[in-house]
Number of protein chains: 2
Amino acid sequence: MLYLYSKLVAYAPLPNTMINSPAMQALRTYIEHYTSSPLSDADFELISRAFTPKKLRRKQYLLQEGEVCKYFAFVLKGALRQYSVDDKGVEHIVHFAVENWWIGDRESFVMLTPSRYNIDVLEEAEMLLITNAQLQELISTVPAIAQMVRELDQRNFIATQKRLHASIGYTAEERYAELKQVHPEFLQRFPQHMLASYLGISPETLSRVRHKSLRQ
Amino acid sequence: MLYLYSKLVAYAPLPNTMINSPAMQALRTYIEHYTSSPLSDADFELISRAFTPKKLRRKQYLLQEGEVCKYFAFVLKGALRQYSVDDKGVEHIVHFAVENWWIGDRESFVMLTPSRYNIDVLEEAEMLLITNAQLQELISTVPAIAQMVRELDQRNFIATQKRLHASIGYTAEERYAELKQVHPEFLQRFPQHMLASYLGISPETLSRVRHKSLRQ
DNA sequence: CTTTTCTATTGACATTTGTCAAGAAGTTTT
DNA sequence: AAAACTTCTTGACAAATGTCAATAGAAAAG
């Protein structure tokens, strides 16, 4: 186990500057928030070593359809979207990520299968990347990470289930109202046709729904 | 920690018959399948003590809207459904559970909030129940359980995300085709109007979709 | 065995949503 | 500043899906 660990990091010496970088501090705050207890410096160093910082400009891809999703990304700054493209060339957005959100294709990341999704950058983004091997290592060596991952999975699952419930049971109008209530910041931040795609309706329908809701 | 544990089980002495019951054996096989390694007898006893067997007849509720979901259930035999009822009295099924599936309202179970869902029995069911406190205890004392829960969460999340993706991007026809491919057993086992509800379409539309697909 | 409840189908029609096309601002790129 | 994209809106029409009502057969309950 120790051997495996040293293999993973031996050739990636960590500059002092990275541990103390604002990026890592943001991650530290985030983890401590999730676990409601401070991280030891030793644990924090293990964590810092596992993540790689990455910046991407608008329209650049973090993942393209057909590739295996090697990294999960923690977003420090900016915005990204995850979407598939159907046979008619229409994009279906399944996820947005902004500051303090995670993004990646779980299925591909875990099973090492080619992804059906694209992930690209909507607003110039700063991220911290981690591979599945590194994450598994962290989960088994740092209990706080195991707990955080469990919590995250839970919330993620609950949120996805709610969205599923909405998309099965509600009309376009009701789903827009829900989005407005749950993520009002999205309405400001993303173009309307992407919100429409996220809600599973056409941009024209969303435009009409908004027009209608203004009058009432 | 030990004190807490003993409090949880002290007044529920476990009859020998339960550890060796077919129910518990089924659970053991299931867990070993998930973790790909045999359970120690000690761990298995801890696990056995945490679960309570329960049988319910057709139409009985495991959970009713407004209640807190106290138990998660592992289904040994039979079938259940989880659904909400909207203001027009229409039922929306979000989940079916058959043999070797879990069922419960995660949000309510974890957050202790009143549930918006009902869970009732479609075919006379035998289950093993566990409370969140007992599950958390197991997760921290039995690594195999922690691993199993992680795996389960992962699969669950992937499956829900796929369903969400389908319900946003596909037509009624395509969604039915997908269901047929992923869970062919559901088509035999559940009445059509429930499958329609699960897919988020009206029973009449599902009937027409099936009629159409027969001819082509 | 009979009655009642469930279930699936079909037709007619209403409603919702999508598609196509055009145009007008607004942004970015050159 | 001009050109090239993006984004949003609107109208006309098409397609998908829902609603209501009637019916018939199957299954469950008494």
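Proteins come first, then strands; the chains are lettered A, B, ... in the order of their sequence lines, and each starts at number 1. Computed from heavy atoms alone, side chains included, the values below leave out hydrogens, waters and symmetry copies.
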Practice item. Examine C:dC6: is either OP1 or OP2 under 4.0 Å from a nitrogen or oxygen in the side chain of B:His193? Give yes or no. Key: no

Check your understanding: When we call it a touch if two heavy atoms are under 4.0 Å apart, what does A:Lys59 touch: a base, just sugar-phosphate, or nothing?
Key -> sugar-phosphate

Check your understanding: Hey, are the side chains of B:Met24 and B:Leu128 touching, using non-hydrogen atoms and a 4.5 Å cut-off?
Key -> yes

**Study point:** B:Arg210 CZ - D:dT17 C1' separation (whole Å)
**Key:** 18 Å

Practice item. Compare the minimum distances between each of C:dT19, C:dT9, D:dT9 and the side chain of A:Arg208, then state the nucleotide with the smallest one. Key: C:dT19

Point to revise | Nucleotide nearest A:Thr205 when distance is taken to its side chain, options C:dG18, C:dA21, D:dT19 | key: C:dG18

Practice item. For B:Arg175 and D:dA16, give me the distance from atom CZ to atom C1', rounded to whole Å. Key: 11 Å

Review point. Do B:Tyr71 and B:Met127 have side-chain heavy atoms sitting under 4.5 Å apart?
Key: no

Check your understanding: Would you say D:dT10 has OP1 or OP2 under 4.0 Å from some side-chain N or O of A:His211?
Key -> yes

Check your understanding: Out of C:dA21, D:dG18, D:dC8, which nucleotide sits closest to the side chain of A:Glu204?
Key -> C:dA21

Point to revise | Spacing between A:Leu122 atom CG and C:dT27 atom C1', to the nearest angstrom | key: 16 Å

Review point. Starting at the 5' end of DNA chain C and moving along, which residue's nearest nucleotide shows up first, A:Ile201 or A:Arg58?
Key: A:Ile201

Review point. Whole-Å distance between C:dT15 P and A:Lys212 NZ?
Key: 11 Å

**Study point:** A:Gln192 side chain near D:dT9 phosphate (N/O to OP1/OP2, under 4.0 Å)
**Key:** yes

Revision key, fill the gap. Between CD of A:Glu173 and C1' of C:dT17 the distance, given in whole Å, is 12 Å

Exercise for review: May I ask you to check whether B:Phe96 and B:His183 place their ring centers less than 6.0 Å from one another?
Suggested key: no

Check your understanding: Are the aromatic rings of A:Phe190 and A:Tyr198 close, with centres under 6.0 Å apart?
Key -> no

**Study point:** Check against side-chain contact (heavy atoms from CB on, under 4.5 Å), B:Glu124 and B:Arg57
**Key:** CA-CA 4 Å; B:Glu124 178 149 345; B:Arg57 293 254 180 78; 3.7 Å; yes

Check your understanding: For A:Asp86 and C:dT19, what is the distance between atoms CG and C1' respectively, to the nearest whole Å?
Key -> 14 Å

**Study point:** d(NZ, A:Lys88; P, C:dG18) in whole Å
**Key:** 12 Å

Review point. For B:Leu206 and D:dA16, what is the distance between atoms CG and P respectively, to the nearest whole Å?
Key: 16 Å

